[in-house]
K.L.:
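One structure follows; several queries about it will come next.
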Amino acid sequence: TIGKEATVLQAALLMNDHKIGALVVTESGRVAGMFTERDVLRRVVGEQRDPARTPVADVMTTEVLCCTPQTSLEEAGNVMRERRVRHLPVADGGGHLLGLISIGDLNAYHRDGQEQTIFMLQEYMQGRV
């Protein structure tokens, strides 16, 4: 996470340090926005802003969809596909950040399930189950 008052340069360095493509922008523990690589390209580089002087608040995505802990993985994946986003914050009813689901998380979950299915089918076909 990062605060709204941080500079784009600070955010980009943090993203590079952690090898991530997005940060949840928080204010008092609540989701205030998202700052992504896409924001850097469109709103910083594309508008020729100085990263060391531009606050994250000026260039972050403010319309952020969140899910709750009760949201199914299928529903979260559908939202990500329909909205063309790669990150979905998990928040409680008051908007407090609880976590973050990435498209990579969903892909890994589905891959693991598919590998298990393939293994079980192979075992069945070879008569071991």
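The shown structure was predicted, so the numbers you read here are calculated from the model rather than taken from an experiment.
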K.L.:
Are Y109 and M80 grouped together when hydrophobic residues (ILVMFWY) are joined by side-chain heavy atoms under 4.5 angstrom apart?
P.N.:
yes
K.L.:
What pairs meet the salt bridge (Lys or Arg N to Asp or Glu O under 4.0 Å) rule with one or both residues in residues 13-27, with sequence neighbours excluded?
P.N.:
K4-E27
K.L.:
Please answer: with hydrophobic residues joined when any side-chain heavy atoms are less than 4.5 Å apart, are L65 and L106 in the same cluster?
P.N.:
yes
K.L.:
Can you list, by chain and residue number, the hydrophobic cluster partners of L41 when the side-chain cut-off is 4.5 Å?
P.N.:
none
K.L.:
The criterion is side-chain contact (heavy atoms from CB on, under 4.5 Å); which residues satisfy it with E123, sequence neighbours excluded?
P.N.:
F119, R128, V129
K.L.:
Between S28 (side chain) and R30 (backbone), is there a donor-acceptor pair under 3.5 Å?
P.N.:
no
K.L.:
Transitively linked via ILVMFWY side-chain contacts under 4.5 Å: L98 with V79?
P.N.:
yes
K.L.:
Tell me which donor-acceptor pairs under 3.5 Å the side chains of residues 86-94 have, and how far apart each pair is, sequence neighbours excluded?
P.N.:
| residue | atom | partner | partner atom | Å |
| --- | --- | --- | --- | --- |
| R86 | NH2 | E37 | OE1 | 3.4 |
| D92 | OD1 | G94 | N | 2.9 |
| D92 | OD1 | G95 | N | 3.1 |
| D92 | OD1 | H96 | N | 2.9 |

K.L.:
Under the side-chain contact (heavy atoms from CB on, under 4.5 Å) rule, collect the residues that match up with L14, sequence neighbours excluded.
P.N.:
I2, H18, L23
K.L.:
Cluster partners of V31, using ILVMFWY side-chain heavy atoms under 4.5 angstrom, listed by chain and number?
P.N.:
V24, M34, V64, L97, L100
K.L.:
My understanding is that only residues two or more places apart in sequence, or in another chain, count here; which of them pass side-chain contact (heavy atoms from CB on, under 4.5 Å) with N107?
P.N.:
I103
K.L.:
For the side chain to side chain contact (heavy atoms under 4.5 Å, CB included) test, which of T62, T61, V56 pairs with V25?
P.N.:
V56
K.L.:
Side chain to side chain donor-acceptor pair (under 3.5 Å) with D58: which residues, sequence neighbours excluded?
P.N.:
none
K.L.:
Side chains of R49 and V8: does their closest heavy-atom pair fall under 4.5 Å?
P.N.:
no
K.L.:
Can you give me the closest heavy-atom contact between I101 and C67, atom names plus distance?
P.N.:
CD1-SG, 4.0 Å
K.L.:
Looking only at heavy atoms, which two atoms of F35 and M60 are closest? And how far apart?
P.N.:
CD1-CA, 4.4 Å
K.L.:
More than 12 foreign heavy atoms under 6.0 Å from CD of E74: is that the case here?
P.N.:
no
K.L.:
With sequence neighbours left out, write down each residue that passes side-chain contact (heavy atoms from CB on, under 4.5 Å) with E75, or none if nothing qualifies.
P.N.:
T71, S72
K.L.:
Using only atom types and a distance under 3.5 Å, with no angle test, would you say the side chain of T26 pairs donor to acceptor with the backbone of G29?
P.N.:
no
K.L.:
Which residues satisfy the side chain to side chain donor-acceptor pair (under 3.5 Å) test with T36, sequence neighbours excluded?
P.N.:
D39
K.L.:
Could you tell me which residues satisfy side chain to side chain donor-acceptor pair (under 3.5 Å) with R83, sequence neighbours excluded, listed by chain and number?
P.N.:
none
K.L.:
Shared ILVMFWY cluster between I20 and V59, side chains joined below 4.5 angstrom?
P.N.:
yes
K.L.:
Under the rule for side chain to side chain donor-acceptor pair (under 3.5 Å), what residues qualify as partners of R53, not counting sequence neighbours?
P.N.:
D50
K.L.:
Taking atom CD of E47 and atom CZ of R42, what is their separation to the nearest 0.5 Å?
P.N.:
11.0 Å
